[in-house]
Amino acid sequence: MPQYETVIGLEAHVELKTRAKIFCDSTTEFGGAPNTHVCPVCLGLPGALPVVNKKVVEYAIRAALALNCKIAEFSKFDRKNYYYPDMPKNYQISQYDLPIAKHGCLEIDTANGVKKIGITRLHMEEDTGKLVHQGTITTTPFSLVDYNRAGVPLIEIVSEPDLRSPEEARQYMEKLRTVILYTGVSDCKMEEGSLRCDANISVRPVGTGGFGTKAEIKNLNSFKSLQRSLAFEAERQIKTLEAGGKIVQETRTWDEGKGETLSLRSKEYAHDYRYLPDPDLVPLLIDRQWVADIRNSLPEMPDQRRLRYVKEYGLPAYDAAILTNTKELADYFEECVKAYPHPKAISNWIMGDLNRLLNLHGIEITGCKVTPQNLASLLMLIGRGTISGKIAKTVFAEMFAGGKAAETIVKEKGLTQISDKRVIVAIVDEVLARNPGPVEDYKAGRERALGFLVGQVMKASQGKANPELANKLLREKL
Amino acid sequence: MQFTLRTAHEMHDQLIKKEISAEELNKTVFARIDAVDDQIGAYITRTRENALAQARAVDRQIRNGEKISPLSGIPIAIKDNICTDGIRTTAGSKILSNFIPPYSATVVKRLEAAGSTIAGKANLDEFAMGSSNENSAFLVTRNPWDTSRVPGGSSGGSAAAVAAGAAVCALGSDTGGSIRQPASFCGVVGMKPTYGAVSRYGLIAYASSLDQIGPFTRDVTDCALMLNAICGHDPLDSTSAKYQAVDYTGFLKDDVRGMKLGVPEEYMAEGIDPAVRGVVLKAMEKLESLGAVVEYTTLPHTEYALPTYYLIAQAEASSNLARYDGVRYGIRAKGSEDVIDMFMKTRSQGFGHEVKRRIMLGTYALSTGYYDAHYLKALKVRTLIKEDFDRAFKKYDLLLSPVSPTTAFRIGEKIDNPLQMYLSDICTISVNLAGIPGLSIPCGFAGGLPVGLQLMGRHFDEGTMFRAAYTFEQNTDYHKQFPEL
Ligand SMILES: [Zn+2]
């Protein structure tokens, strides 16, 4: 039996978070009562005409530059004709042969190192409305249509068939999401549909050129379903070939419940979209200076930032990768470093207690009540020995809950570390007097007893005694 | 003379001299509509109460001594493919027979801002597809000069209303001659402005790259006033041009001395009815006698204009008309099995024959495997046709031709022969393909029926057309002859 390799290409749809829709002034806000975010243009009323929202073009260029694409000087919109009730005009305004950008790439980290995935093209188009069924699509007596989403701007990003495993496909999508989030043009929420993806997959015996017949998988609304569906589909195709069967070129849908892909329609029923340059929209002539300005306004991208963290801050690659995973977290980290130049201490704290509490409460870093300045002050208090690391955890939990400054909490609760020798000696004496047994044990050579005694000192001082000092003084007394 | 056959500028003078109130003026026009529209059938919808309310507002302005604009209080007929807020807009189609737009076209807003009153919605060929008004789903409009004949199309209702005094001015739309040909048949002035001069926002699209809204009037001065009111950039229409609007009445000078006028020989060839050719030649001689230089010239790609036009128009139409599916507005067929069945039943019941024919042709032209041979090739030929005009306009200020090869034909005469019908657009379609302005002006009669002279100008050079047309009008009296009704 030959070894097979999987060939995958992805088409990602990203909703741009411009205030207004792509061809009219209706709001793009998610939610809202059905058919309230609409106007004659996005409802496709007779006589209404589209006018391109310049902000959409700017956002598309911004995303394209972040994905290392070449921006076209001349681009146009085309009509993709097909009938579906969620499409107000029964054509979608999209871009066919002259997309806004082409020839980009994205790097992903695989087990075998960094891999460059080609991006064929990036184009702008309008989103469709949404069908609302009573029950399921097959049993519903009627369908309702909500056009709030119709005309929301999308960019479609098409990758080259460079991905070789479901795992790589997931990594590509995650990386794409990270990069797009950095550019700020979308919030990339898969659960709200602002990031969607279709996958083209085929298999071929290892070492052979050319491509096998591909299937297109739709309805992938999480990274998990992307990876799972591709794993299922690759196996299905291999089994089919091994059994002497043939792969049919078709569209399949992922059934999350059943954990399998199901045939939707085969190529014989494929649409002829009858593309036509949209005569209602004039071609786009992209000003080079505008592109340069957009390029200059881009933030440092995650790959560059990660490398800089290793080089400039001496952080381990692992820390650097986690800290730069979102722009907001990286910005937060850098604000902390500005106030307290100890990158590793900050990184430990962010990746430890901060991330744990964020995850626990389902809060984004942008919604965190602990400001970078306050986190830096806390770390400064530890560094100076004002509070112990253990006390700091309690203080931090309170900072996280209420947003107070570390100093305030420490002062209010009297949590300042006791480093006064005389005070600690008094406690040590008391502890030794009350615990003759463990003292005997220690003297008999049972080192473990010391730990117990230190614990008692800490307890008696309500955790405020400087633990190193307590340790030292105990040894001296014993 | 019948009062309602006066021009807008004459009525304006009477309004400001308080010889008549705007309300009386409008009532008089509506009385005329009541008297003649049973014979003519110019209107699908009449909006008397709206118009009278608008007129009373104008009267208040006059009483308060405010300055009113030249079209204030003047009743205007609007072709029924131009959206009017709260007033049913059908495009002459059964499929939109219950459609009441929630918004007005930019041109309607501009006319209302100028104080005009809306007399009603004028009949047309369904979705502006036709040259005779016989394709309307509602009624057949008749030519005021001979009610057994067509008024032309597709803006036949608008032309007939103005010719019959059932409106003072009117708006039409012109995709391949739909303003100029009915203007010629009905003996009124009709103009298709430069593509992009007038906003298309709110015009129910037939072929977006060719459609243009324009005026019907009883003389050239009114035409300039109408264009003044409706032209100019509209941010709601990407294809509307950002150009500096001018006062077109400034071009109304009785002087064509030294003007160079070209006559493309292809437009005077054997397809043209000899009587029409005779009238048009006489009009050209008239301009020559007034000091213009008139010469024959050539537009060599003219023979390809008709197929090019029909491929482009139909391809765009097949896509533009896809939205009429019964989901959001318009009629919806009953008793459908599922959504696809609903689409098919709605469209087959809602559209007429000619519309279906054009949708099918356009769909075919855009299909995989045919696109390059048909649509793409048509776009290339369109460029050649444009270049023909560019060359001609290097030498000539204007081009002259007949508007239509014939005078108004009889109702039913060509309805079963689409190709014959399409040929009646032969002199007008190239203007749309090139995007240049075209104007039809009454230039005489053949067999008792009006004949139009077509003036074609450079892009955005409506001014020169107005000057030549005005000079011709000042030295002839065809615009002062009216049909007897
Ligand atoms: Zn809208």
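Below, chain A is the first sequence line, B the second, and so on; all start at residue 1.
- Among all heavy-atom pairs drawn from A/P279 and B/R200, the shortest one is O-NH2, 4.0 Å.
- Heavy-atom pairs under 4.5 Å with chain B were tallied for A/P40, A/P277, A/C39, A/C24; the largest tally goes to A/P40.
- Heavy-atom minimum distance, B/E316 versus A/R79: O-NH1, 4.1 Å.
- Looking only at heavy-atom pairs under 4.5 Å with chain A, the residue among B/N81, B/I204, B/L321 that has the most is B/I204.
- Taking each heavy atom of B/D237 and A/V51 in turn, the nearest pair found is N-CG2, 4.0 Å.
- The residue among A/Y147, A/F23, A/F142, A/Y275 with the most heavy atom pairs within less than 4.5 Å of chain B is A/Y147.
- We find the CG-OH distance between A/L276 and B/Y371 to be 6.5 Å, quoted to the nearest 0.5 Å.
- If you measure heavy-atom distances from B/L96 to chain A, the contacts under 4.5 Å come from the side chain alone.
- For the pair A/L45/B/P102, a side-chain contact is recorded, criterion being any heavy-atom separation below 4.5 Å from C-beta on.
- No more than 12 heavy atoms of other residues, nucleotides or ligands shown are found within 6.0 angstrom of OH on A/Y96.
- Comparing B/A365, B/P101, B/G202 by heavy-atom pairs within less than 4.5 Å of chain A, the highest count is held by B/G202.
- At a threshold of 4.5 Å between non-hydrogen side-chain atoms, the residues B/S367 and A/R274 count as touching.
- Here B/D325 contributes atom CG and A/M87 contributes atom CE; the two are 10.0 Å apart, rounded to the nearest 0.5 Å.
- The side-chain heavy atoms of A/P46 and B/T89, taken from C-beta on, include no pair separated by under 4.5 Å.
- Within 6.0 Å of NZ on B/K386 lie more than 12 heavy atoms contributed by other residues, nucleotides or ligands.
- No donor-acceptor contact under 3.5 angstrom links the side chains of B/R328 and A/N35, judged on distance only.
- For chain B, the nearby parts of A/D280 are the backbone and the side chain; heavy atoms of each come within less than 4.5 Å.
- A/K214 NZ: 12 or fewer foreign heavy atoms inside a 6.0 Å radius.
- For the pair A/G44 and B/Y329, the tightest heavy-atom approach, listed with the atom from each and the gap, is O-OH, 2.9 Å.
- Within 6.0 Å of the NZ atom in B/K356, the count of heavy atoms belonging to other residues, nucleotides or ligands exceeds 12.
- Using a 4.5 Å cut-off between heavy atoms, B/Y370 does not touch chain A at all.
- Counting all heavy atoms, side chain and backbone alike, A/G47 lies closest to B/Y103 at C-OH, 3.1 Å.
- More than 12 heavy-atom neighbours from other residues, nucleotides or ligands sit within 6.0 angstrom of NZ on B/K345.
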Side chain to side chain contact (heavy atoms under 4.5 Å, CB included) between B/Y201 and A/V41: does it pass, once the steps are laid out? CA-CA 10 Å; B/Y201 190 78; A/V41 176; 3.8 Å; yes
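- The two residues B/F343 and A/Y83 have their closest heavy-atom pair at CE1-CB, 3.7 Å.
- Taking chain A as the reference chain and counting heavy-atom pairs below 4.5 Å, the highest number among B/S209, B/S199, B/S238, B/P235 is found for B/S238.
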